[in-house]
Amino acid sequence: MRIAVTGAAGQIGRVVCAGLRDGHGHDVVGLDVTRAAGVESVDVRDTETLTPLLAGCDAVVHLASIAGETSFETALDTHLRTTHSVLEAMRGASVPRIVYASSNHAVGFTPRAVRVGVAVRQRPDTFYGLGKAAAEVLCSLYVDRHGLRAACLRIGSFRERPTTRRHLSTWLSPGDAVRLAQACVTAPGMDYAVVYGISANTRRWWDLEPGRALGYHPEDDAEAFAGQILATEESDDDRFDARYVGGDFCRPDVPVEEPI
Ligand code: 15L
């Protein structure tokens, strides 16, 4: 398959591009606003420039955004406007499928529970989560109105390895991130799906079944790091934000990142 990846120079983008290319033999078109080796430099909000770059692609893995809290205006721009431009460019280039990097923060104010499914109410914890939730709905519109196929991935904590108590539930390993992207670009019979992008963590809160239904079978588990983390990090049970899946993004003083 020929697959375009936006945000290709980012932390997750580099891993997913390499995995899809070298591990699965896809022809990968890496796109990013930041200049990097092997990546086409483009601002994906520029639909006209983006459209020809998507020609001949079977899917877009849309990872580009600011991965943290911002102002309301920047959140609309980096999640909603950017995703709108990508969807329009896909229509222009007849690309049938998007794999959208949403976030667990689209449902961040959901209380932690034994299993949280994908049908829970969207409860963003930040303007970041609001932008992701809104972009999930935008993908849904393009599925229903234009017949695109969309998988929205509520990604947990993408890291080389888990380093906090919360990560024991939320970790997404690099290997599983590639498995997830591969499953979603190839899943047959999918029109619109929301899945949680986490590893097979013993302490997970989120349901892995929607991902499994698309062929995502995670192999890693943060539990392998639990001994070390629990020995060094104090319990956070008394903290307000430990009640919710979004963790410290639920705090009113969550730091705001500058736009790039
Ligand atoms: C996210 O969506 C963020 O992009 C990342 O910075 C982490 O905070 C992650 O969620 C998380 O919840 O750990």
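Counting convention: from 1, in listed order, for ligands and their atoms alike.
Remark: distances from the non-hydrogen atoms of Arg166 to ligand 1 include one below 4.0 Å. Heavy atoms of Thr170 stay at 4.0 angstrom or farther from ligand 1. Contact between Phe158 and ligand 1 is absent, with no heavy atom of the residue lying under 4.0 Å from the ligand. Ligand 1 lies within reach of Gly156, whose nearest heavy atom is under 4.0 Å from it.
In terms of polar-atom proximity, defined here as any N/O pair under 3.5 Å, Ala67 does make such a contact with ligand 1. Taking any N or O of His167, backbone or side chain, none lies under 3.5 Å from an N or O belonging to ligand 1.
When heavy-atom distances to ligand 1 are checked against a 4.0 Å cut-off, Lys132 has no atom that comes that close, whether in backbone or side chain. By the criterion of a heavy-atom distance under 4.0 Å, the side chain of Phe249, and not its backbone, is placed next to ligand 1.
Remark: Leu138 CG to Leu80 CG distance equals 5.5 Å, nearest 0.5 Å. If you take NE2 on His167 and CZ on Arg161, they are separated by 10.5 Å, rounding to the nearest 0.5 Å.
Near Tyr128, meaning under 4.0 Å from any of its heavy atoms, are these atoms of ligand 1: 1 (C), 2 (O), 3 (C), 4 (O). Residue Ser103 approaches ligand 1 through these ligand atoms, each under 4.0 Å from one of its heavy atoms: 1 (C), 2 (O). Those atoms of ligand 1 with a heavy atom of Asn104 less than 4.0 angstrom away are 10 (O), 11 (C), 12 (O).
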_I'd like to know whether Arg21 forms a salt bridge (charged side-chain N to carboxylate O under 4.0 Å, His left out) with Asp27, so could you lay out the CA-CA distance, the side-chain angles of the two residues, the decisive distance to 0.1 Å, and finally the verdict._
CA-CA 6 Å; Arg21 185 184 291 128; Asp27 177 12; over 6 Å; no

*asked:* Let's go through Trp205 and Tyr196 carefully: what are the C-alpha distance in whole Å and the side-chain angles of both, what is the deciding distance for ring pair (Phe, Tyr, Trp, His ring centres under 6.0 Å) to 0.1 Å, and is it a yes or a no?
replied: CA-CA 10 Å; Trp205 307 307; Tyr196 288 108; over 10 Å; no

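A salt bridge between Asp248 and Arg166 is absent, with no side-chain N of the basic residue lying under 4.0 Å from a carboxylate O of the acidic one. Arg115 has no carboxylate O lying under 4.0 Å from a charged side-chain N of Glu209, or vice versa, which leaves the two without a salt bridge. Between Arg149 and Asp191, none of the side-chain N atoms (NZ, or NE/NH1/NH2) sits under 4.0 Å from a carboxylate O, so this pair counts as no salt bridge.
Put simply, Val86 and Leu76 are part of the same group of oily side chains (I, L, V, M, F, W, Y) that touch within less than 4.5 Å, one to the next.
By the 30° and 60° cut-offs, the orientation of the rings of Tyr128 relative to His105 is tilted.
Distances from atom 11 (C) of ligand 1 to the heavy atoms of Ser157, Ser65, Gly68, Gly10 show the closest one on Ser157.
Scanning all protein heavy atoms for the shortest distance to atom 12 (O) of ligand 1 gives His105 NE2, 2.7 Å. Nearest to atom 7 (C) of ligand 1 among the protein's heavy atoms is Arg159 NH2, 4.2 Å.
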